Amino acid sequence: MVNWWQGDPILKAMDVATVYPEDYGAVCAAFGAAQAYLEGAEADGFPAHMCGYARNCLGYTARMIELGEIPPEAPMGGMPQPSLLLASGALCDARYKWFQALGRYLDAPLWVLELPHPGVKEGLMEGAGEGNIYFIAQQLREFISFLEKLLGRRMDWGRLDETVDSTMEMNRWWHRANELRRARPCPMHSRDFWSSMPASLYMANDPGETAGLYRQMYDEIKSRVDNKIGALKAPERYRLAFLELPPWHSLDFFNQLAERGWNFVIESWAYHPPRPLDLDRVSDPLERLARYSYHWLTGYYPKANQAEEWWGYFAYPYLEYVRDYQCDGVVLHPLLSCRTATNHLMMVRDRLMKKLKVPSLVIEGDIVDLKLFDPARALSQAEAFEETMDHYKKLRKEAGLGW
Amino acid sequence: MNKVKIFTAGIDLGSTMTKVLILDGEGKSRAQVTGATGAEHRRLANKVMAQALGQAGLSLEEIGYIVATGYGRVNVPFADCQVTELTCHARGVSHLFPSARTAIDIGGQDAKGLKIRDGKLVDFVMNDRCAAGTGRFLEVTAETLGLRLEELGELSLKAASKVEIGSTCTIFAQAEMVALLSQGRPLAEILAGLHQAIASRVVKMVTGLKIEADVVFTGGVAQNAAVVQAIKEKLGHDVLVPDEPLFTGALGAALLAREIALKCLANGKTIPDKERRLEEARLYEDY
Amino acid sequence: MAYFMGIDIGSATSKGVITQEGQPLVGHYLPSQANYRAAVIKLREELLAKAGLSPQDIAKTVTTGHSVAGLPFKHERIADIRCCARGINRLFPQARTIIDIQAMSSRVIRLGQDGQVGNFIVSEPCAAGSGRFLEIMAHILRIDIKEIGPLSLRSQRPVHFTTSCAVFGESEAISRVAQGTPKEDILAGVHRALADKLCALTSRVGLEEPCAISGGGGLDTGLIKSLEDRLSVSLLVPDQPQLVTALGAAIMAQEKEKC
Amino acid sequence: MAQDRGMDRAKAIYQDRSQRAGELKAQGKQVIGYLCAYPVLEMMTALDLVPFRILGDMTEPISRADACLPTVVCPFIRSALDLALKDRYQFLDGVVMAHSCDVAEKTAHIWHSYLRPPYFHFIDTPHTTGDSAVKQHKRLLKDFQKTLEQLAGRQLSQERLKEAVKAHNQQRALVRELYGLRKPDPPLISGVESLEVMVSLMSLPVDEGSRLLKQVITEVRQRNSGPPKKPARLLIWGSIIDNSSLIQMIEGLSANLVMDDTCVGSRFYWPDVAATEDPLDGLAHRYLVALKCPRTFRQADPNKASKDYQADLEYRFGYLMEYAKEWRVNGVILQSLRYCDIHGYEVPQVKDYLNSLGLPAIYLEYDYSQAALAPLRTRVQAFLEIIGQGNF
Ligand SMILES: Nc1ncnc2c1ncn2[C@@H]1O[C@H](COP(=O)(O)OP(=O)(O)O)[C@@H](O)[C@H]1O
Ligand SMILES: Nc1ncnc2c1ncn2[C@@H]1O[C@H](COP(=O)(O)OP(=O)(O)O)[C@@H](O)[C@H]1O
Ligand code: SF4
Ligand code: SF4
Ligand code: SF4
């Protein structure tokens with residue numbers, strides 16, 4: 001599963017192929033195949049309010065084990081049976097609990113990598129950051145010795161070194177490409193973001209190659225910016241942010257909004273690469289990884305602290321995004337099955353309004369379970385929300401907020 | 001031990017209907033009566049009982065043992081004991097269909113799935129919080145359209161295709177239906193959509209039990225052929241429906257009453273003989 | 001002299017207002033029943049008759065609420081939230097928040113300048129949080145919907161209603177009746193439960209005073225009282241709260257005509 | 001008949017939790033609110049700060065919290081935050097929260113932002129139990145110590161901390177003794193009473209709590225008016241239960257609740273802190289490794305290349321079998337609050353384990369409201385009928 005570059009470069013350097021069940025959950029949702037797996041998980045007693053990706057994966061795995069092979073109906077050839085499960089403690093409980101629950105079906109070893117989530121003040125206490133980084137690096141070391149035992153081969157440290165570097169290189173281009181989206185009109189819509197982001201987050205390919213692709217993308221977006229080409233066919237009337245995960249099964253919904261001139265210019269913080277970090281002087285690749293992932297989560301802390309925003313990673317970044325990308329409004333997508341992507345939304349809504357006078361529209365739904373999303377209801381609120389955005393645009397001007 | 005002749009009764013005080021069934025000394029049904037559990041009838045569960053006694057030509061004292069079940073079981077002053085509708089349904093179902101392993105029951109306000117092994121209830125699921133996908137759905141529909149409950153199913157089976165009903169809320173499905181009608185969608189297709197909606201909700205809930213054949217479908221809603229059909233389609237195999245699905249719970253209750261009574265007698269004990277009053281029943285205790 | 005018409009097609013009732021010189025001239029409503037289209041046509045006819053006007057006299061018509069296909073007259077559709085905001089703004093220019101209680105949903109609207117929608121939130125589609133709950137209760141208690149407000153205000157000991165489903169609430173009420181609980185206490189309990197839901201909804205966009213009420217729920221004095229208690233504010237209640245959105249639609253018709 | 005004076009006091013505190021806290025404050029004590037089982041109580045006690053557990057109130061409708069927390073999160077947390085937003089926790093001099101579950105972590109930041117208590121600390125408790133995680137935990141406790149010292153205005157000596165460890169261990173021993181009185185059939189003390197005692201302990205300074213406990217234990221031993229004998233002896237597992245009405249509903253049927261594995265109960269009090277040279281070692285280990293809540297990831301042997309599911313279940317849930325044996329349990333209620341992920345994921349696995357022991361279990365999900373209990377009653381009763389099917 002996604003581990004925000006903690007474990008992936010290590011697996012790559014040891015030639016372990018990776019498969020990401022969240023990604024596959026989105027695939028199943030997009031292909032309309034998820035419903036049966038969700039029901040399968042429920043039939044096995046997993047409550048329906050749990051993460052759609054997890055239930056999809058549990059249901060799929062149960063079926064695969066029952067059949068003794070990849071289910072014939074599985075979209076895109078299915079997911080193979082894994083020989084190792086690497087769970088991540090970053091961002092949510094669901095993920096390590098879910099891989100543990102896979103133990104009901106799979107006889108595969110399971111390793112969990114943690115990522116500390118300090119509070120803003122606690123994270124900025126003397127020595128706290130270094131202590132956390134030490135802990136991450138230590139865990140990575142333990143993971144490597146486990147892998148070496150499991151695979152019966154040694155880590156090629158030189159290769160790891162390179163992989164870590166190209167991972168960061170990849171994200172650097174991807175980050176730069178996203179920075180270009182500040183332009184008016186915005187050259188890249190969230191839909192394109194969602195289809196390009198898996199390469200960075202689900203590191204199934206060689207990061208060096210991916211870096212090249214992101215670089216090409218950067219060039220393409222750059223030329224769009226230079227020629228003032230926007231992502232929409234219609235003129236860009238509103239610039240919006242989308243929080244958090246999209247309804248993978250109903251992406252069409254965005255096309256209808258695009259016709260109204262709604263351009264989605266920035267989205268989920270957790271899917272974005274970290275801002276570049278200079279680690280040239282850190283020679284130990286594990287320490288580089290530890291610093292990099294930790295920076296991804298806590299890089300915003302000093303500024304959040306100044307702004308007295310105590311939720312430094314999931315709530316504060318949006319204050320910057322919405323300002324930097326000059327959003328007129330925000331669409332919030334609380335997920336019935338995901339606490340992590342939902343917990344902060346009300347708070348973000350409140351902070352954005354108080355600090356930046358940017359309104360939000362709440363549309364409830366789910367990532368995988370299409371029964372929980374009602375596009376018609378959502379679209380019916382769009383018109384009124386335009387009026388709201390117009391209203392706050394005026395207020396922002398009056399308050400000298402600038403966009 | 002079956003030499004002893006003893007009458008027993010089951011009363012199923014459901015959220016919508018009150019059902020009474022009396023078994024004779026041989027364990028055969030001697031009387032079965034239903035009444036609506038409406039706002040004012042509910043208190044009059046005793047009336048339904050009295051009617052059943054009249055039908056059977058018996059007096060209350062002649063009934064050896066009475067088991068109350070259903071939503072309003074908690075306070076039936078003339079019952080000897082209360083048993084949940086889950087156990088009673090399971091009992092009724094396995095009496096009627098000894099091969100049953102799964103039962104689906106849809107009543108006025110609840111829907112449940114029962115897992116049965118060797119005639120015994122071993123697991124169950126039921127709705128709570130939200131009455132979507134229950135008989136209430138149908139009642140509201142019938143009321144809105146000015147149709148009789150009995151007509152809904154047949155009408156719907158005539159539909160060539162079905163409309164997708166989005167609302168899950170029982171109450172709003174009605175509004176949606178009205179809207180669809182005003183858009184000129186044929187009534188039969190809308191009804192087909194409604195029946196589908198009930199079936200998928202219930203089947204989704206029951207999947208939690210890992211459905212195994214034979215599946216029996218009971219409760220008032222099982223009288224609706226369109227829901228039966230829709231459930232068959234969703235499950236992908238046949239379901240068995242008793243001749244009188246409404247009485248399954250009352251039958252189970254009466255059978256349990258009989259078992260308890262016979263067991264007492266076989267052990268040489270007298271049947272627990274508590275004072276019975278044929279008076280108002282309450283729905284739940286104040287607490 | 002220009003006349004404008006606003007029609008609000010609600011799930012329970014369809015409402016229409018004709019304005020003259022920006023001021024309401026006549027208002028009218030009738031049950032939507034099973035056929036929105038027929039209801040709207042009839043409403044329009046009766047409304048015109050009431051005003052003594054012919055269709056040609058109307059400069060522009062705006063419809064809002066449910067969308068109905070194939071209406072046999074020219075009109076523009078505008079979202080009901082916007083119309084509601086305009087309507088309240090005309091009646092209470094000082095209002096900053098609206099709690100709108102309709103048959104099928106409730107919404108809370110924060111107002112910007114000139115009756116612009118500042119922010120809003122729409123309740124989830126659950127009957128337990130909308131006017132429908134009141135209708136159901138009136139039905140069970142066998143009283144007219146008009147009576148529930150006055151009755152509820154007489155209650156001394158409201159029952160504690162915590163149910164989260166209108167259908168179960170119905171049964172709970174029925175059993176209360178069976179236990180002999182006075183109707184007014186049941187109603188006051190229902191009002192409290194509904195007020196709690198509305199209160200929670202309101203807190204999601206925040207309450208800025210003064211706060212006005214609109215929608216058919218505004219006819220219910222018992223509900224207003226419970227809401228005022230719960231929110232600790234006094235509410236601005238229009239004479240005909242159910243017509244607010246239609247009025248706003250007529251005002252929008254005039255605005256649109258201008259530009 | 002002996003007057004249950006300790007029991008009465010416990011009940012009174014259960015019903016009005018803040019009253020005693022107010023008195024303590026009047027005496028110049030500082031009261032620190034904490035959420036969940038993970039903030040280390042001993043450190044507060046040692047600095048003469050009074051730890052006070054933050055709980056919800058099932059009977060109070062949630063109205064304010066929805067402005068800052070979505071409705072799809074655990075209703076217990078929403079309720080606790082709601083109370084705070086309604087100034088019901090205003091008397092607290094500080095608040096400490098930990099990364100117990102996802103929602104608790106996020107709520108910590110929300111609490112901090114919206115309520116701005118005079119003192120606030122967040123402990124980012126790790127989720128795994130290996131050596132590096134325990135070390136990390138110890139380091140985090142040192143940071144906690146620093147902010148606590150600032151608040152208290154003095155240093156925390158190892159001696160004081162060791163004393164506090166002793167005091168809390170003593171209280172834990174007393175709780176286990178009280179739970180022992182639920183082993184006989186019928187139990188000497190009901191589940192409802194036991195919960196009331198647990199809640200009152202969490203509202204008092206440790207010594208005062210222990211005195212109350214001793215009194216209660218003596219009374220219960222002597223009483224002749226305990227719960228009646230009933231056919232079912234149940235164990236309840238799962239999310240937090242801080243209101244007795246769920247238990248009351250269960251005990252109103254033909255069952256006695258004789259043991260729990262929940263957070264205002266045995267889960268909180270069971271493991272002791274080992275006496276270590278540096279007391280922080282014992283504490284770091286106890287709160288991360290010994291405390292058994294599904295929020296922590298544990299598995300039989302992480303270094304094994306293959307998996308033995310049964311052995312893993314044994315490792316994770318083996319203690320439930322001991323509870324079942326010692327308390328002669330014949331049925332288990334698994335309950336989870338709606339939207340509680342950490343318990344939700346665990347349910348099928350606990351069920352697998354209980355199945356392997358042949359113990360019947362039922363899963364209940366409820367949304368922390370009185371109204372939700374009525375429909376649950378039918379479920380519990382049906383479950384009791386399943387357990388006791390022989391009776392028909
Ligand atoms: N003749 C019929 N045809 C179709 N549905 C029926 C008929 N009679 C009753 N029903 C349905 O059965 C429901 C009542 O079922 P029942 O099992 O008695 O429920 P409960 O036990 O909750 O009262 C009603 O809500 C109605 O929808
Ligand atoms: N006289 C009345 N007293 C109290 N409540 C009323 C009265 N008339 C209507 N209502 C309430 O108003 C609701 C209808 O409101 P309305 O705004 O017309 O809804 P819609 O626009 O969805 O049709 C009904 O559900 C009912 O709760
Ligand atoms: S963050 Fe949400 S969607 Fe992602 S794994 Fe966790 S619970 Fe699931
Ligand atoms: S959605 Fe409808 S059926 Fe469901 S809880 Fe709400 S009122 Fe009840
Ligand atoms: S009940 Fe579950 S979600 Fe709620 S605080 Fe406890 S562990 Fe967290």
Side-chain angles (χ1 to χ4, degrees), chain A residues 44-47 49-51 54 87 89 91-94 96-98 100-101 103-104 106-112 114 116-123 125 127-128 131-132 135 138-139 142 146 149-150 308-312 314-315 334-337 339-340 342-347 350 364, chain D residues 66-74 99 101-103 105-110 112-114 120-124 126-128 130-133 135-136 139-140 143-144 146-147 294-295 297 299 302-309 312 336 338-339 341-342 344-349 351-352 363 365:
Chain A
D44 276 2
F46 292 99
H49 62 73
M50 296 183 348
C51 169
L91 294 194
C92 93
D93 296 332
Y96 60 91
K97 303 280 339 165
W98 144 30
Q100 181 157 49
R104 296 188 81 215
L106 291 174
D107 162 28
L110 165 57
W111 197 269
V112 183
E114 291 203 65
H117 294 50
V120 167
K121 285 208 165 301
E122 295 78 6
M125 281 175 77
N132 286 333
F135 171 50
Q138 197 60 28
Q139 281 202 324
E142 287 165 15
F146 169 70
K149 243 189 329 194
L150 182 74
E308 303 212 326
E309 291 294 341
W310 307 132
W311 195 336
F314 236 131
L335 305 176
L336 278 137
S337 74
R339 257 43 65 204
T340 302
T342 303
N343 278 317
H344 56 296
L345 295 181
M346 294 304 129
M347 177 168 174
D350 180 56
E364 271 157 9
Chain D
D66 293 348
C68 39
L69 257 184
T71 50
V72 295
V73 308
C74 138
H99 193 160
C101 66
D102 211 17
V103 182
E105 183 223 354
K106 271 55 184 218
T107 303
H109 305 319
I110 290 176
H112 191 185
S113 304
Y114 283 83
F120 187 89
H121 191 90
F122 173 72
I123 306 172
D124 180 31
H127 285 85
T128 53
D131 288 346
S132 57
K135 268 198 202 120
Q136 161 81 350
R139 197 181 58 69
L140 294 167
D143 283 351
F144 178 38
K146 270 188 224 157
T147 64
R295 59 76 62 195
F297 174 84
Q299 64 178 338
N303 279 302
K304 271 235 176 89
S306 80
K307 191 105 190 171
D308 176 349
Y309 183 52
D312 210 41
S336 152
R338 199 173 311 267
Y339 303 124
D341 283 330
I342 58 169
Y345 280 95
E346 211 88 330
V347 169
Q349 300 169 73
K351 260 196 172 169
D352 286 347
Y363 171 59
E365 196 173 289

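These numbers were taken from a predicted model, which means no experiment stands behind them. Chain identifiers are assigned alphabetically (A, B, ...) following the order of the sequence lines, protein sequences preceding nucleic acid strands; residue numbering begins at 1 within each chain.
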Based on non-hydrogen pairs under 4.5 Å, which of [options] is most in contact with chain D?
options: Gly89(A), Ala87(A), Gly123(A), Gly131(A); value: Gly131(A)
options: Leu345(A), Leu106(A), Leu150(A), Asn132(A); value: Asn132(A)
options: Ala128(A), Gly312(A), Ala315(A); value: Ala128(A)
options: Lys149(A), Glu114(A), Gln138(A); value: Glu114(A)

Top residue by heavy-atom pair count (under 4.5 Å) with chain A, among [options]?
options: Arg295(D), Lys351(D), Arg139(D); value: Arg139(D)
options: Ser306(D), Gly130(D), Pro348(D), Gly344(D); value: Pro348(D)
options: Ser113(D), Pro70(D), Ala133(D); value: Pro70(D)

(request) Look at the side chain of Thr128(D) and the backbone N and O of Phe297(D), then say whether any donor-acceptor pair between them is shorter than 3.5 Å. (result)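 No, the answer is negative, given that no donor and acceptor are paired below the 3.5 Å cut-off.
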(message) I'd like to know if the side chain of Lys304(D) pairs up with that of Gln299(D) as donor and acceptor (distance under 3.5 Å, no hydrogens or angles considered).
(response)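 On atom types as modelled, these side chains do not qualify, holding no pair under 3.5 Å.
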Which answer fits [X], side chain, backbone, both or neither, if we ask what part of it has an atom under 4.5 Å from a heavy atom of chain A?
X: His99(D); answer: side chain
X: Lys146(D); answer: side chain
X: Ala108(D); answer: neither
X: Asp143(D); answer: both
X: Asp66(D); answer: backbone
X: Ala305(D); answer: both
X: Phe144(D); answer: neither
X: Tyr363(D); answer: side chain

(request) Run the salt-bridge test on Lys97(A) and Asp341(D) with the 4.0 Å N-O cut-off and return the result as yes or no. (result)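 Asp341(D) and Lys97(A): not salt-bridged.
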(request) Inspect the contact between Asp102(D) and Lys106(D) and indicate whether a charged nitrogen and a carboxylate oxygen are less than 4.0 angstrom apart. (result)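 Salt bridge present between Lys106(D) and Asp102(D).
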(request) Sequence neighbours left out, what passes salt bridge (Lys or Arg N to Asp or Glu O under 4.0 Å) with Arg104(A)? Give chain and number order. (result)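 Asp44(A), Asp352(D).
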(request) For Asp350(A), enumerate each residue passing the salt bridge (Lys or Arg N to Asp or Glu O under 4.0 Å) test, keeping only those at least two apart in sequence or located in another chain. (result)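 Partners of Asp350(A) under the salt bridge (Lys or Arg N to Asp or Glu O under 4.0 Å) test: Lys354(A).
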(message) What's the separation between atom NE2 in His109(D) and atom NE2 in His117(A), rounded to the nearest 0.5 Å?
(response)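 Those atoms lie 8.5 Å apart.
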(request) To the nearest 0.5 Å, tell me how far Arg339(A) CZ sits from Tyr339(D) OH. (result)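 The CZ atom of Arg339(A) sits 7.5 Å away from the OH atom of Tyr339(D).
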Engaged part of [X] at the chain D interface, taking heavy atoms whose separation is under 4.5 Å:
X: Ala108(A); result: backbone
X: Pro334(A); result: neither
X: Glu308(A); result: both
X: Met125(A); result: side chain

(message) Using the side chain to side chain contact (heavy atoms under 4.5 Å, CB included) definition, which of the options Ser336(D), Cys101(D), Cys74(D) pairs with Ile342(D)?
(response)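 Among Ser336(D), Cys101(D), Cys74(D), the one that satisfies the side chain to side chain contact (heavy atoms under 4.5 Å, CB included) with Ile342(D) is Cys101(D).
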Which atom names give the shortest non-hydrogen contact between [X] and [Y], and what distance separates them?
X: Pro126(D); Y: Leu140(D); answer: CD-CD1, 4.2 Å
X: Phe135(A); Y: Pro116(A); answer: CD2-CG, 3.8 Å
X: Ala54(A); Y: Tyr345(D); answer: CB-OH, 3.2 Å

